[in-house]
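Taking it in order: structure first as structure tokens, then the write-up.
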Amino acid sequence: MQSQNYDKTKDGVRVRFAPSPTGYLHIGGARTAIYNWLFAKKHKGVFILRIENTDLERSIADSIQGIIDGLNWLGINWDEGPYFQTQYIEEHKRAARRLVESGHAYKCFCTKEELDVKRKAALAAKQSVQYDRTCRRLTSEAIAAKEAQGLPYVIRFKVPEQQGSVCVNDAVYGLIEKQYQDIEDFVILRSDGSPLYLLSNAVDDIRDGITHVIRGQDGLANTPRQILIYEALGARCPVFAHMPLTLDLKKRKISKRTHGELVSVQFYRDHGFLPWGLVNYLVLLGWHTSDDREIFSREELIDAFSLEGIGRANSIFNYTPGDPKFFTDPKALSINSHFLRTLPIEEIAGPVKEDFVTEGIWDPAYDGDKRQWFLSTMDLIRSRFHTFKDFAGLGRAYFSEEFPVDPKALKKRVLKHPDLKNWLPQLADRMEQLESWTLETTEEVVRDFIQGLGVKPGIVINAVRTVVTGQLAGPGIFDVLTAIGKDRVVKRLCGVRELFR
RNA sequence: GUCCCCGUCGUCUAGUCAGGUCAAGGACACCGGCCUUUCACGCCGGCAGCACCGGUUCAAAUCCGGUCGGGGACGCCA
């Protein structure tokens with residue numbers, strides 16, 4: 001058998017993301033996809049999406065939609081696919097047969113029951129639990145006889161019985177050696193004729209011309225066996241690069257089962273993350289440059305990315321359940337808010353609009369006459385926000401006449417000084433008479449009013465902020481007043497009496 | 001039970017391959033200060049770590065050995 005190289009594109013980089021169809025995109029999976037995607041972009045290669053469903057029963061369309069949606073939202077675009085593993089089952093079977101013919105695999109007639117007994121015995125004797133290779137020693141007559149009886153069989157891979165080992169030169173973990181004697185004759189085809197993952201995966205990667213397999217470290221232990229398959233099939237091995245896993249604070253693998261929605265990409269979309277904020281956070285879980293950069297634009301990240309930067313130690317998704325301040329890893333939030341307050345304002349207008357539409361506070365004029373106002377107001381308030389949900393939440397008073405008043409702010413900034421009940425409407429009267437409504441004129445009228453009262457400026461100013469925005473804190477008050485506008489300010493200030501009830 | 005991998009601040013990590021310039025640097029979080037009408041932003045400062053033990057060496061986070069701790073793989077799962 002001659003060696004066939006991956007020459008799909010004259011040895012250009014070809015990588016793939018091969019999730020199983022679970023119905024949603026897991027952040028760990030997203031991270032794997034991101035690394036592959038970055039590697040492909042960096043080397044101007046091809047990124048393939050391949051759905052690894054060997055389970056024919058399931059409704060594929062439904063269960064892959066979540067994955068596709070997640071990748072699309074993140075902006076991780078693929079060049080080929082999605083391919084489906086089920087489409088290639090015949091090819092996998094042919095490969096298994098070919099391996100039997102070439103003497104690299106054999107039929108095994110042992111039943112599950114027999115194997116179970118042996119396994120238990122081995123366990124009891126504290127021996128390693130490997131298949132004892134009974135059927136490997138069957139004569140061709142014995143095999144023919146069993147086949148004639150119609151006995152079901154699986155196909156097992158013949159692991160070399162000599163001394164020695166399989167070597168993997170992992171791009172991340174370095175040289176990994178696995179003794180032949182520590183590998184059992186693993187099954188590659190079930191007794192019902194269907195192929196197993198180890199085989200299918202290798203065959204698919206060979207067919208797709210995959211040059212670099214970038215995947216989770218949980219695949220590391222499979223690699224020696226897959227290399228045996230590659231070699232037996234006469235194929236050139238891809239470069240393997242295993243990435244460390246992401247665990248929770250208790251060092252458990254993160255999963256939807258134990259961590260819920262929090263580990264799905266969808267959750268971050270629903271909670272106001274910018275897609276790139278999530279990408280930037282995820283890429284830092286197990287990868288780093290040797291300078292101190294942590295914030296990247298798309299182009300910067302593609303340029304900076306390399307397999308050498310991938311670490312070997314598992315990282316932890318730093319999330320504390322029930323944390324009142326951080327609903328997910330604080331670092332994720334901080335990266336997201338960094339982008340939220342530094343990106344050109346136009347770039348966050350999109351997601352904010354989408355949210356406003358669902359919240360029912362979108363004004364079509366924000367795309368027209370009020371565009372400038374919309375953008376500058378977002379710009380004014382964004383430095384305090386963590387997600388774009390905050391615009392319709394904490395920032396609601398700027399965009400809607402209906403907004404809640406924070407009870408803490410009300411108590412501390414308004415109710416504490418009963419005189420405000422009269423002062424604020426008086427101030428509103430003065431404002432009413434202003435010809436122009438600018439930073440300067442509003443400041444002048446407010447300061448003048450305060451001077452007349454002879455009280456500390458903060459008392460009035462903070463009360464105005466709370467009454468006008470519903471919040472304890474916010475931008476400089478005169479910025480707030482100009483942003484919200486004379487009519488609404490006056491109306492809200494006069495409404496202070498309501499708040500005293 | 002067998003095999004493989006990993007171990008630097010609470011978290012993400014730089015530094016480990018080519019030992020000294022590391023009495024260990026950055027980021028997030030936390031604390032304090034400045035700014036200020038508030039809160040953020042920004043700026044300045046602080047807290048906090050080489051898992052442990054032994055060896056090699058003039059010198060070890062870095063090399064070697066062991067211990068402990070963590071993770072992964074050992075399926076007719078993917």
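In the text below, chain A, chain B and the rest are named by the order of the sequence lines, each starting its count at 1.
Ion pairing between A/E90 and A/K93 holds under the 4.0 Å rule for side-chain N and carboxylate O.
What separates OH of A/Y180 from C1' of B/C74 is a distance of 19 Å, to the nearest Å. If you take CH2 of A/W287 and P of B/A14, they are 11 Å apart, rounded to a whole angstrom. In this structure, CZ of A/F317 is placed 18 Å from C1' of B/G71, rounded to the nearest angstrom. Taking atom NE2 on A/H92 and atom P on B/A78, their separation rounds to 11 Å, with Å as the unit. Atoms CG (A/L424) and C1' (B/U37) sit 14 Å apart, rounded to a whole Å. For A/R190 and B/C77, the CZ to P distance is 4 Å, given to the nearest whole Å. Rounded to whole Å, the distance from CD on A/Q226 to P on B/A78 is 12 Å. One can place CD of A/E113 at 14 Å from C1' of B/G75, the figure rounded to the nearest angstrom.
Judged as a side chain to side chain donor-acceptor pair (under 3.5 Å), and not counting sequence neighbours, the contacts of A/E177 are A/S165.
Residue A/N201 is out of contact with every strand shown, counting any heavy-atom pair closer than 4.0 Å. The residue A/I316 sits close only to the backbone: its heavy atoms come under 4.0 Å of sugar-phosphate atoms, none of a base. Residue contacts shown for A/F478 include a base, since a base heavy atom lies under 4.0 Å away. Contacts of A/K112 with the nucleic acid, taken as non-hydrogen atoms under 4.0 Å apart, include base atoms. No engagement by A/P244 is indicated, since no non-hydrogen atom pair under 4.0 Å with the nucleic acid exists. Backbone-only engagement by A/S315 is indicated by non-hydrogen atom pairs under 4.0 Å involving sugar-phosphate atoms exclusively. Residue contacts shown for A/G286 are limited to sugar-phosphate atoms, with no base heavy atom under 4.0 Å away. A/E184 comes within 4.0 angstrom of sugar-phosphate atoms only, judged by non-hydrogen atoms across all strands, and of no base. As judged by a 4.0 angstrom heavy-atom cut-off over every strand, A/R293 is placed among residues making no nucleic acid contact. Across all strands, A/V187 comes closer than 4.0 Å only to sugar-phosphate atoms, never to a base (heavy-atom distances).
In the set B/G25, B/C76, B/C74, the nucleotide with an atom closest to the side chain of A/D292 is B/G25. Distance from the side chain of A/P330 is smallest to B/C28 among B/G72, B/C28, B/C76.
Pairs engaging residues 154-166 of chain A under the salt bridge (charged side-chain N to carboxylate O under 4.0 Å, His left out) rule: A/R133-A/E161, A/R136-A/E161, A/R137-A/E161 [sequence neighbours left out]. Pairs of residues two or more places apart, or lying in two chains, never qualify as salt bridge (charged side-chain N to carboxylate O under 4.0 Å, His left out) while including a residue from residues 307-329 of chain A.
Distance check on atom C1': B/G1 versus B/C63 gives 33 Å, rounded to whole Å. Going from the C1' atom of B/G49 to that of B/A61 covers 11 Å, rounded to whole Å. Nucleotides B/G15 and B/C9 have their P atoms positioned 16 Å apart, rounded to a whole Å. Separating the C1' atom of B/U16 from that of B/G7 is a span of 13 Å, rounded to the nearest Å. Here, B/C53 and B/G45 have their P atoms 34 Å apart, quoted to the whole Å. A gap of 12 Å separates the C1' atoms of B/C58 and B/G19, to the nearest Å. B/C64 and B/C6 have their P atoms separated by 12 Å, given to the nearest Å. A distance of about 13 Å separates the C1' atoms of B/C50 and B/A14, rounded to the whole Å.
Checking B/A51 for Watson-Crick or G-U wobble geometry (two distances, each under 3.5 Å) identifies B/U67 as its partner. B/A73 and B/U2 make up a base pair, with Watson-Crick or G-U wobble contacts both under 3.5 Å. Using N1 to N3 plus N6-O4 or O6-N4 for Watson-Crick, or N1-O2 and O6-N3 for G-U wobble, each under 3.5 Å, B/G20 pairs with B/C58. With both pairing distances under 3.5 Å, B/C28 is matched to B/G10 as a Watson-Crick or G-U wobble pair. Applying the Watson-Crick and G-U wobble criteria (two distances, each under 3.5 Å), B/U37 pairs with nothing in any strand.
Proximity of residues 452-470 of chain A to RNA chain B (heavy atom under 4.0 angstrom from any strand atom) is restricted to A/I461, A/N462, A/R465.
No side-chain donor-acceptor contact under 3.5 Å links A/H92 and A/Q85. Of the N and O atoms on the side chains of A/S337 and A/S334, not one donor lies less than 3.5 Å from an acceptor on the other residue. Donor-acceptor pairing under 3.5 Å is lacking for the side chains of A/T289 and A/R293. No side-chain donor from either of A/N336 and A/H386 sits under 3.5 Å from a side-chain acceptor of the other. In this model, a donor atom of one side chain and an acceptor atom of the other lie less than 3.5 Å apart for A/K118 and A/T134. With hydrogens and angles left out, the side-chain atoms of A/T328 and A/Y268 include a donor and acceptor closer than 3.5 Å.
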Original post:
Would A/T223 and A/R215 count as a side chain to side chain donor-acceptor pair (under 3.5 Å) if you check the C-alpha gap in whole Å, the side-chain angles of each, and the deciding distance to 0.1 Å?
Top reply: CA-CA 11 Å; A/T223 311; A/R215 42 138 79 141; 3.2 Å; yes

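In this structure, A/I210 CD1 and A/D205 CG are separated by 5.0 Å, a value rounded to the nearest 0.5 Å. To the nearest 0.5 angstrom, A/N222 atom CG is 7.5 Å from A/H242 atom NE2. Expressed to the nearest 0.5 Å, how far CZ of A/F109 lies from CD1 of A/I143 amounts to 6.5 Å.
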**OP:** Sugar-phosphate means primed atoms, P, OP1 and OP2; the rest is base. With that split, encode nucleotides 44-49 of chain B 5' to 3' as B, S or - using protein heavy atoms under 4.0 Å.
**Re:** ------

Original post:
In the 5'-to-3' direction, what one-character label does each nucleotide of nucleotides 4-10 of chain B receive under the scheme B = base within less than 4.0 Å of a protein heavy atom, S = sugar-phosphate only, - = no such atom?
Top reply: SSSS---

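Remark: A/R382 is not in phosphate contact with B/A40, judged by side-chain N or O atoms under 4.0 Å from OP1 or OP2. For B/C30, one of the phosphate oxygens OP1 or OP2 lies less than 4.0 angstrom from a side-chain nitrogen or oxygen of A/K325.
Comparing A/H338 and A/D329 by the nucleotide of RNA chain B whose heavy atom lies nearest to each, the residue mapping closer to the 5' end is A/D329. Nearer the 5' end of RNA chain B, as judged by each residue's closest nucleotide, is the contact made by A/E294, out of A/E294 and A/G476.
Donor-acceptor pairing under 3.5 Å, judged by distance alone, is present between the side chain of A/K331 and the base of B/A27. Not a single donor-acceptor pair, N or O on each side, falls under 3.5 Å between the base of B/A78 and the side chain of A/S20.
Counting only distance, with no hydrogens or angles, the side chain of A/S200 and the backbone of A/Y197 share no donor-acceptor pair below 3.5 Å.
In this structure, A/R341 is not positioned above the aromatic face of A/F339 in the sense of NZ or CZ being under 6.0 Å from the six-membered ring centre and within 45° of the axis.
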